[in-house]
Amino acid sequence: MHSLVLRIVAGSALASLCAAAPTLAAEGRAGGKLLLTDGITTVEGSAGGGIASWAVIAGQETNAGVGGAASATLIALPDFTLTSLGGAIGIRDRIELSYARQRFDTRDAGAALGLGKGFTFGQQVFGAKLRLVGDAVWDQDRWLPQISVGVQHRRTTQGAVIAAVGGRHDRGTDVYASATKLILSRGLLLNGTVRLTKANQWGLLGFGGDRRDRHTAQFEGSAALLLSPRLAIGGEYRTKPDNLGFAAENDAVDLFAAWALHRHLTLTAAYADLGAIATVRGQRGLFVQLRSAF
Amino acid sequence: MLLLALALALQTPPGEEPVDPYPQSNANAGATPVAGDRLWQAFGEAPGVARIVDRLVALNVADPRISDIFKGQDLVRLRRTLKEQFCYILGGGCTYTGRDMKAAHKDMGLQAADMGALVENLQAAMRAEHVPFAAQNRLLAKLAPMKREVVTR
C-alpha cells in the first residue's frame, strides 16, 4: 500500500517534470564556469595558481553542482625534483576539499647532504576551503573580491631527518585567507593570500625549527593577464618562513603561462625560482602541470 | 478595450508578439554606457553588432545546453532588444526599449551555467566578427553583473 502511494507520487512528480521540461534547460548538466576561471592547482592541491592559493573553488561546477580537478605537477630544479599529484572536489562553488601527495627527490644532492643519493622527502596535504563572499568573475560592478578561508593539514614522511636538521614537528597545519578578483574589462586577475604557517620548505622539511617554532603570517600574490579565452600569462610571489638555522629559506617566484587545451584540460608551464633549498642555492627551474577539471 | 488593443498593436513592431506594457527607460538595459565611441567602433558599429547578435541568437538556439530556454520565445523581439542593449552599452547612442533584466528573464528558472554557456556563445560571435579580445572583455564586464538579476536558482 505504502509503496503504491509512493509510486503514484513519484510517477506524477515525474510526469509534471516532463511536462515542465520544454521550458527549462536540462537539469544537472555538467560544468558552467568559464574557462580558466577556477585557476589551476597549487603544488598543495588547492585551486589557485601554481604556488599561491586563490579564493576560487576547484572545478567547473557552479552553485548547482559538484565538480573537481585532478592534476600532476613536476618542478624540475637543478638539484632536486618535486612532483605533486593533486585532487580536489568543489561542492556548489562553495566548499573545496583537496588532497595532494608530494615527492621531493634529492637526487645527487642527497649524497652531498649526507642523506644518501636519491633520498626522498614526502608529504601529504589535506585541504579544505570555504568561499565566504563575492564572486571573482561575475561581480564586475563591485570592487569586493571573492574571499575564501582555508586550512591545509600537512603530514611529512621523514620525521627523523627533519628532527636532525632542527625541525620541530613532522605535521603542521596552515590557515589562510584569500581574495581573488578578475578585472574583466582589463583581462586582469589579481589574488592576494595571507597564510599562517610554520612550514619549512612547503612542509617538506617539517614545521617550526630551532630558530622559531610558531606560526608566522606569510604572503602570496598572483597576477594573471588573459590573452584569449584559453590563454593566461602571469606571475606569482610567495613568502615563506625561515625557521631552520642550518639553511636559509628564500621566497618563491614564478612566471607562468596557462593554456586551456580543451574544456577539461589545462597545461601550465612556468619558470619557478625557489631560491636556496637545504643549503643548495639557485634552485630555479621548470614547473609543468597537466590539470583536468570537470 | 478596443482602443487598448489597437494601441498595443500599434506599439508592437512588425513580426513581434505583443508584450504587457511596461515603463520604458535606458535604465532597463542593466548597465551604464561606456564613455566615448571607440568601443562601438571596435564592434563594427550597428552592422557589426547586428551580425554579432544574430549569430549569438542562432548559436544559443542551436546549443543543446541552453536551446530549451529559447523555445517559445519571441526571437524577433529578442534580437531587436539585444541590438539596442548592446548599442546603448557600447556607446552607440541607441535608446533601449526592452524590459529590465529581471522582468525579461522572469520565470525562466535560469542557472549560473546558463549564463556561462551564453557568454561562451557571445565570445564565439564576437570572435567571428573579429572584435579584439580586450574589447570583448569590456562588453562582458558590463554584462556580467546582470547574472544577479537573471539567475534565479
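No hydrogens, no waters, no symmetry mates; every other heavy atom, side chains included, goes into these values.
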For this session: Measure across A:G31 and B:A113 and return the closest heavy-atom pair with its distance rounded to 0.1 Å.
Result: O-CB, 3.7 Å
Exercise. For the side chain to side chain contact (heavy atoms under 4.5 Å, CB included) test, which of B:L140, B:V119, B:V151 pairs with A:W138?
Worked result: B:V119
Seminar exercise, completed: Honestly, the part of A:R186 sitting under 4.5 Å from a heavy atom of chain B is neither
Seminar exercise, completed: Rounding to 0.5 Å, atoms OG1 (A:T62) and CG (B:D114) come to a distance of 9.0 Å
Problem set entry | Pick from A:I183, A:L227, A:N63 with the largest number of heavy-atom pairs that fall under 4.5 Å of chain B | A:L227
Seminar exercise, completed: Nearest heavy-atom contact between A:S228 and B:F133 is C-CZ, 3.3 Å
Exercise. Where is the tightest heavy-atom contact between A:V137 and B:A144, given as atom of each residue plus distance?
Worked result: O-CB, 4.3 Å
Exercise. Is a salt bridge present between A:D141 and B:K142, judged by a nitrogen-to-oxygen distance below 4.0 Å?
Worked result: no
Problem set entry | Criterion side-chain contact (heavy atoms from CB on, under 4.5 Å) on A:R263 and B:E120, from CA distance to verdict | CA-CA 11 Å; A:R263 181 179 297 281; B:E120 287 178 4; 2.8 Å; yes
Problem set entry | Salt bridge A:D135-B:R148, side-chain N to carboxylate O under 4.0 Å | no
Exercise. Of the backbone (N, CA, C, O) and the side chain (C-beta and beyond), which part of B:M115 lies under 4.5 Å from a heavy atom of chain A, both, or neither?
Worked result: both
Problem set entry | Heavy-atom pair with the smallest gap, counting every atom of A:S185 and B:R138 | O-CG, 3.6 Å
Exercise. Relative to chain B, which segment of A:L182 carries a heavy atom at a distance below 4.5 Å: side chain, backbone, both, or neither?
Worked result: neither
